[in-house]
A.B. asks: 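My questions all concern the structure below.
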Amino acid sequence: MIGEKSSLTAYYSLVVAGRTLYLPASDILYLAGKEEVLDIEHIPCIRFNGELYPVYGFREGFIPQPGLQGGDSRAALICSPESGTEPALALSCRAIYKLRANHRPRRLPDFMVGSSPIEGVLRHNTGWECYTSAHQLIEYFEKALRYELPQFQFQNVRLVS
Amino acid sequence: MNSPNSNFKMFVWLADAGERQSIAFVADTLCEYLQDVEVQDLPTSAPSCSHVVEWMGHVVPVFRLRPGNSNEHVNVVVLRAAANQENGYIALETRNAPVKVEITDGQFEAFDANERPLWREALISGFVHDGQSIPIVHPDLLCSKGFVSTANSYFIKHLRLTA
C-alpha cells in the first residue's frame with residue numbers, strides 16, 4: 001500500500017505488455033528464468049520451495065493471460081498480500097531491473113484506477129511511471145480471471161506438487 | 001412586485017471542454033488554467049480520465065472528452081475537488097482559457113438540463129448563455145461513479161464514431 005511516509009526506497013522495474021511497471025522490492029520473492037516455467041496439467045507454473053505457483057502475464061492492453069507472454073523470458077514470483085512473505089503467483093515479464101528511488105509513489109483515486117492493475121505513479125527521471133503492488137495485482141487478476149479465463153480457478157493458485 | 005431574488009447575480013467560469021461541450025464552474029472551484037502542458041497517459045485507467053498532469057508537486061487526474069496520446073500537450077483547468085482524497089485536485093481539458101461571466105436570475109430559469117445529458121451527474125445548476133444551456137458542474141461530482149460511468153460511455157461511443 002502507498003503511504004504518505006513510505007519508507008520504500010527499493011523497487012523492481014518490470015517490462016510487461018510494452019510498459020514499465022514498478023513494484024516495491026519486498027513484493028517480489030524470486031525471479032525465475034524461461035527454462036523454469038513448467039506445464040503441469042496445462043497450467044504454466046514455476047516451482048519454488050517445493051511448491052508450484054501459476055504464471056500469469058499481460059498481453060497488450062493489460063489483458064490477463066496464463067503463462068509467459070510472447071517475447072517474455074522472466075517470471076517474477078509475487079508474494080501474497082495477506083502474509084507478505086508467502087508466494088502467490090508469478091508475473092511474466094520481458095525484463096526486470098532493481099533500483100532505488102528517493103521519490104515516494106503517488107496513489108491515484110479509485111474513480112481513475114479502481115478497476116486497474118495500476119495503483120499510482122512513481123517519478124523516474126523526468127516522467128512518471130506506473131506503480132503497483134502485489135495487493136493491487138492479485139486483486140486485479142482475481143477479478144479479471146473470473147471473466148476472462150474461467151477455466152483457471154484463481155482460488156487454486158498454489159498447486160501442491 | 002419583484003421577487004426577493006430578482007437582482008441575484010453571480011460569477012462563474014465558462015470553459016469549452018471541446019466536442020461542443022461548454023460548461024461552467026463556480027468561481028472558487030477553479031485553481032489555475034494551464035496552457036500547452038504535457039499530460040501523461042496511464043494504461044487501463046478510466047477511458048474518460050486516463051491521463052495525469054503534474055501541477056504544484058501534485059499528480060492530478062485529467063478528464064478528457066476525446067482520445068489522446070501519451071506525452072501530449074494540451075490545455076487544462078485545475079479544479080479543487082475534495083472528492084479526490086489523494087490530493088484534492090482534478091483537471092479538465094479545455095480548448096482555451098476559461099472566461100469569467102456574470103449571470104443573472106433570469107438566465108437560470110431558461111436552463112434545460114436535457115440539452116446537456118453528459119453532465120447530468122455532475123450538475124449543481126445551469127443557465128442560458130448565447131442561446132445555449134450551460135451546465136454549472138461541481139468538480140467533486142465529476143469524481144462520482146455516476147459521472148465517470150456516463151463520461152466513459154460517451155468517450156467510448158465517441159471513439160467508435162471517430163474510428
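Since we're looking at a predicted model, the values are computed, not measured. Reminder, nothing fancy here: chain letters follow the sequence lines and each chain counts from 1. Values reported hereafter were calculated over all heavy atoms of this structure, with side chains retained and with hydrogens, waters and symmetry mates removed.
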A.B. asks: For B:Asn96, check side-chain hydrogen bond (donor to acceptor under 3.5 Å, both in side chains) against everything at least two apart and list the hits.
C.D. replies: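 Testing B:Asn96 for side-chain hydrogen bond (donor to acceptor under 3.5 Å, both in side chains), a comparison that skips the adjacent residues, returns none.
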A.B. asks: Nearest heavy-atom pair of B:Glu86 and A:Pro109: which atoms, and what distance?
C.D. replies: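 Closest approach of B:Glu86 to A:Pro109: CG-N, 3.8 Å.
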A.B. asks: Can you tell me which of B:Cys49, B:Ala83, B:Ala46, B:Ser50 forms the most heavy-atom pairs within a distance under 4.5 Å of chain A?
C.D. replies: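 Result: the option with the highest number of such pairs is B:Cys49.
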A.B. asks: Under 4.5 Å heavy-atom distance to chain A, tell me which part of B:Val148 shows up: side chain, backbone, both or neither.
C.D. replies: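 Contact with chain A is through the side chain of B:Val148 alone.
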A.B. asks: Restricting to salt bridge (Lys or Arg N to Asp or Glu O under 4.0 Å), what partner residues turn up for A:Arg74, sequence neighbours left out?
C.D. replies: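 So A:Arg74 forms no salt bridge (Lys or Arg N to Asp or Glu O under 4.0 Å) with any residue.
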A.B. asks: Which heavy atom of A:Phe111 sits nearest to which heavy atom of B:Ile90, and what is that distance?
C.D. replies: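 So the two residues come closest at CZ-CG2, 3.9 Å.
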A.B. asks: If contact means a heavy atom pair closer than 4.5 Å, which residues of residues 133-145 of chain B contact chain A?
C.D. replies: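 So the qualifying residues are B:Cys143.
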A.B. asks: Counting only heavy atoms not in A:Glu60, do more than 12 fall under 6.0 Å of its CD?
C.D. replies: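 It does not: A:Glu60 CD has 12 such atoms or fewer within range.
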A.B. asks: Specify the closest pair of heavy atoms between A:Pro117 and B:Thr44, including all atoms of both residues, with the distance to one decimal.
C.D. replies: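 Shortest heavy-atom contact: CD-OG1, 3.3 Å.
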A.B. asks: I'd like to know if B:Val74 and B:Met56 are part of one continuous hydrophobic network [Ile/Leu/Val/Met/Phe/Trp/Tyr, side-chain heavy atoms within less than 4.5 Å].
C.D. replies: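 Linked, B:Met56 and B:Val74 end up in one cluster.
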A.B. asks: Same cluster or not: B:Val76 versus B:Phe147, using hydrophobic residues (I, L, V, M, F, W, Y) connected whenever any side-chain heavy atoms lie under 4.5 Å apart?
C.D. replies: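 Looking at the clustering, B:Phe147 is in a separate group from B:Val76.
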A.B. asks: Please lay out, stage by stage, how A:Arg19 and B:Asp41 fare under the test side-chain contact (heavy atoms from CB on, under 4.5 Å).
C.D. replies: CA-CA 11 Å; A:Arg19 296 292 297 239; B:Asp41 80 318; 3.3 Å; yes
A.B. asks: Might you confirm whether atom CZ of B:Arg66 has over 12 heavy atoms from other residues, nucleotides or ligands at distances under 6.0 Å?
C.D. replies: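 For B:Arg66, atom CZ is crowded (more than 12 foreign heavy atoms under 6.0 Å).
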A.B. asks: Return the minimal non-hydrogen interatomic distance between B:Leu42 and A:Cys130, and the atom names on each side.
C.D. replies: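 Smallest interatomic distance, heavy atoms only, reads CD1-SG, 3.9 Å.
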A.B. asks: Assigning hydrophobic clusters by single linkage (Ile, Leu, Val, Met, Phe, Trp, Tyr; side-chain heavy-atom cutoff under 4.5 Å), is A:Ile138 placed with A:Tyr12?
C.D. replies: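 Yes, A:Ile138 and A:Tyr12 fall within the same hydrophobic cluster.
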A.B. asks: State plainly whether one hydrophobic cluster holds both A:Tyr56 and A:Leu31, where clusters connect Ile, Leu, Val, Met, Phe, Trp and Tyr through side-chain heavy atoms under 4.5 angstrom apart.
C.D. replies: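 Yes, one cluster joins them.
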A.B. asks: Taking the side chain from B:Gln40 and the backbone from A:Trp128, do they hold a donor-acceptor pair closer than 3.5 Å?
C.D. replies: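 Such a contact is found between B:Gln40 side chain and A:Trp128 backbone.
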A.B. asks: Return the minimal non-hydrogen interatomic distance between B:Gly57 and A:Arg106, and the atom names on each side.
C.D. replies: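 Smallest heavy-atom distance, with atoms named: O-NH1, 2.7 Å.
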A.B. asks: Tell me, out of B:Glu38, B:Gln85, B:Glu54, who's got the most heavy-atom pairs with chain A below 4.5 Å.
C.D. replies: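 Of the candidates given, the most pairs with chain A belong to B:Glu54.
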A.B. asks: Which pairs pass ring pair (Phe, Tyr, Trp, His ring centres under 6.0 Å) with one or both residues in residues 14-37 of chain B, sequence neighbours excluded?
C.D. replies: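 Passing the test, one end in residues 14-37 of chain B: no pairs.
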A.B. asks: Is there a chain of hydrophobic side chains (I, L, V, M, F, W, Y, each step under 4.5 Å between heavy atoms) that links B:Leu34 to B:Val60?
C.D. replies: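 Yes; tracing contacts between hydrophobic side chains, which count when under 4.5 Å, links both residues.
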